[in-house]
Colleague: 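My questions all concern the structure below.
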Amino acid sequence: MSEQNNTRRTFLGLGAAGTAALAALAAVPGKAQSQEGSDDTLQRIRKSGELRIGVAQGEPWFFKDTATNEWHGIGWGVGTYLANELGVKPVAVETTWGNAVAGLQADQFDVMFVLDPTPARSLAIDFPVQPLFYYAQGVLAKDGLDASKWDNLNKPEVRIGVTLGSAMDREVTKRVPNATIQRFPNQDEATAAFAANRIDAVALFHPALVMLQGRLKRGTVVLPQPYRVSSTSAGVGRVADKTFRDWLGLAMGFMYTTGQTQAIYEEYLNYRGIDPKTAPAVMREMWN
């Protein structure tokens with residue numbers, strides 16, 4: 001973790017300039033423009049005193065504690081941080097991942113964090129240019145399995161579990177065609193197979209694997225090289241005035257480069273009883 005801490009300190013050195021730019025853009029007066037929807041979103045958020053955040057159960061992005069009815073997770077943490085920057089209250093609006101785009105189009109909430117900017121979604125809603133953070137295709141490998149490189153897994157004796165028809169199914173089939181790939185109808189069945197030693201590894205994007213390892217208390221989360229990297233973002237409604245979208249992008253970039261996004265992720269891991277030192281970061285610069 002010493003390299004990670006050094007990286008974060010380097011990013012923190014950018015904070016002063018980033019804070020000034022963030023404040024300057026947040027202070028830009030909104031122009032009341034008619035939508036492809038409504039008036040300037042940023043102006044409306046500040047007037048209402050609320051940032052409406054779409055939330056959908058799914059760790060480590062969003063997690064609702066049923067004992068307290070409070071939301072946690074990296075998506076909620078980022079939303080809370082940015083609401084504080086705007087001087088407004090974060091308000092959770094429950095939705096589903098499948099309905100997130102429709103909810104933004106219907107103005108049910110202002111933003112949905114950890115929403116990947118796919119070409120199809122980008123036809124319907126807006127995304128900032130800056131990514132929120134990065135994740136990589138990884139595996140939860142049984143003890144003793146060398147998963148540092150995909151080539152090490154490309155052997156018939158290595159059994160890898162994936163969800164049938166998923167993006168991970170396609171990627172693993174392409175990367176390790178000689179491995180014994182077992183396809184399960186859902187992730188729960190793949191998890192059960194790993195727990196019962198019927199497979200040697202489970203393939204997912206790494207933050208989900210971190211949560212899986214935390215539940216099972218076995219195996220190691222590994223990002224095999226060469227990395228297969230994806231970025232995630234935040235979706236917003238498509239309106240004529242882009243001030244909120246642009247502010248959001250600058251703010252997310254500031255949070256990433258200063259290490260704040262990584263800190264929020266680590267805070268959530270601690271909350272769920274997972275040692276952040278055992279988990280690959282959501283900052284790609286820290287993977288090496």
Side-chain angles (χ1 to χ4, degrees), residues 25-26 28-66 68-133 135 166-167 205 207-208 230-253 255 261 264:
L25 187 51
V28 172
K31 297 179 181 178
Q33 297 187 18
S34 61
Q35 200 167 344
E36 290 171 288
S38 62
D39 63 350
D40 168 35
T41 306
L42 183 57
Q43 178 177 306
R44 177 165 51 81
I45 289 168
R46 303 180 90 176
K47 184 176 180 180
S48 69
E50 295 181 345
L51 176 63
R52 300 171 302 162
I53 302 167
V55 294
Q57 192 79 3
E59 294 189 83
W61 322 131
F62 298 99
F63 172 75
K64 187 176 184 179
D65 187 333
T66 55
T68 62
N69 286 327
E70 294 181 349
W71 284 90
H72 302 269
I74 188 170
W76 180 250
V78 168
T80 299
Y81 180 94
L82 294 180
N84 290 336
E85 288 290 327
L86 291 172
V88 300
K89 176 184 177 182
V91 175
V93 180
E94 296 192 32
T95 185
T96 65
W97 294 105
N99 290 331
V101 171
L104 288 165
Q105 289 179 312
D107 194 33
Q108 294 173 0
F109 39 90
D110 302 309
V111 60
M112 180 79 169
F113 293 101
V114 202
L115 196 62
D116 293 357
T118 65
R121 286 172 176 164
S122 298
L123 291 173
I125 58 175
D126 279 351
F127 293 92
V129 173
Q130 298 87 338
L132 178 58
F133 58 82
Y135 45 78
S166 66
F205 284 107
S230 292
S231 64
T232 191
S233 185
V236 297
R238 177 158 295 158
V239 296
D241 191 300
K242 308 299 183 184
T243 306
F244 177 60
R245 183 201 65 183
D246 294 346
W247 178 84
L248 189 64
L250 188 150
M252 293 192 319
M255 292 183 69
T261 308
I264 290 171

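Values reported hereafter were calculated over all heavy atoms of this structure, with side chains retained and with hydrogens, waters and symmetry mates removed. Given the structure is predicted, the values throughout are model-derived calculations rather than measurements.
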Colleague: Kindly determine whether D107 and R44 satisfy side-chain contact (heavy atoms from CB on, under 4.5 Å), including the steps that lead there.
Modeller: CA-CA 12 Å; D107 194 33; R44 177 165 51 81; 3.4 Å; yes
Colleague: Rounded at 0.5 Å granularity, tell me how far CG in L115 sits from CZ in R121.
Modeller: 4.0 Å
Colleague: Looking at side-chain heavy atoms only, is the closest gap between W71 and F62 below 4.5 Å?
Modeller: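 Result yes, sub-4.5 Å side-chain heavy-atom pair found.
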Colleague: Determine the minimum heavy-atom distance between P128 and A234, stating which atoms define it.
Modeller: CD-O, 3.0 Å
Colleague: Any non-hydrogen side-chain atom of E85 less than 4.5 Å from a side-chain atom of T80?
Modeller: no
Colleague: Could you check whether any side-chain N or O of D110 sits under 3.5 Å from a backbone N or O of R52, counting only pairs where one atom can act as donor and the other as acceptor?
Modeller: yes
Colleague: Is there a side-chain contact (heavy atoms from CB on, under 4.5 Å) between L86 and L42 once you walk through the steps?
Modeller: CA-CA 9 Å; L86 291 172; L42 183 57; 3.6 Å; yes
Colleague: Less than 4.5 Å apart, any side-chain heavy atom of E50 and any of V88?
Modeller: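 The answer is no, as the side chains (C-beta and beyond) never meet within the 4.5 Å cut-off.
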Colleague: Do the non-hydrogen side-chain atoms of T41 and I45 ever get within less than 4.5 Å of each other?
Modeller: yes
Colleague: Taking the side chain as C-beta and beyond, is there a heavy-atom pair between V78 and I264 under 4.5 Å?
Modeller: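 V78 vs I264: side chains touch.
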Colleague: Can you tell me how far the CH2 atom of W61 sits from the OG1 atom of T232, to the nearest 0.5 Å?
Modeller: 7.0 Å
Colleague: With rounding to the nearest 0.5 angstrom, report the CE to CZ distance, M252 to F127.
Modeller: 10.0 Å
Colleague: If we ignore hydrogens and angles and just use 3.5 Å, is the side chain of D241 paired with the main-chain N or O of T243 as donor and acceptor?
Modeller: yes
Colleague: Going by heavy atoms in the side chains, are W76 and E70 under 4.5 Å from each other?
Modeller: no
Colleague: Looking at K64 and Q57, what are the two nearest heavy atoms and their distance?
Modeller: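 That closest heavy-atom pairing would be N-OE1, 3.1 Å.
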Colleague: Hey, is the main chain of A102 close enough, under 3.5 Å, to the side chain of N99 for a donor-acceptor pair?
Modeller: no
Colleague: Between P207 and Y135, which heavy-atom pair has the shortest distance, and what is it?
Modeller: CD-CB, 3.6 Å
Colleague: Heavy atoms only: give me the nearest S231-D116 pair and the separation to one decimal.
Modeller: O-OD1, 4.0 Å
Colleague: Which distance, rounded to the nearest 0.5 Å, do you find between the CG of D65 and the NE2 of H72?
Modeller: 5.0 Å
Colleague: Please lay out, stage by stage, how K242 and D126 fare under the test salt bridge (Lys or Arg N to Asp or Glu O under 4.0 Å).
Modeller: CA-CA 9 Å; K242 308 299 183 184; D126 279 351; 2.7 Å; yes
Colleague: State, with a plain yes or no, whether a side-chain heavy atom of I125 is found less than 4.5 Å away from one of Q105.
Modeller: yes
Colleague: So which heavy atom on Q130 is nearest to which on S233, and how close?
Modeller: O-OG, 4.0 Å
Colleague: Quick one: pull up CG in L248 and CE in M255 and give me the separation to the nearest 0.5 Å.
Modeller: 10.0 Å
Colleague: How many angstroms lie between atom CG of N84 and atom CG of L82, to the nearest 0.5 angstrom?
Modeller: 9.0 Å
Colleague: Checking the side chain of E59 only, and the main-chain atoms of A208 only, is there a donor and an acceptor separated by less than 3.5 Å?
Modeller: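 Not confirmed, E59 side chain does not pair with A208 backbone.
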Colleague: Do L51 and F109 have side chains that approach each other closer than 4.5 Å (heavy atoms only, starting at C-beta)?
Modeller: no
Colleague: Of all heavy-atom pairs between R238 and S122, which one has the smallest distance, and what is that distance?
Modeller: NH2-O, 2.6 Å
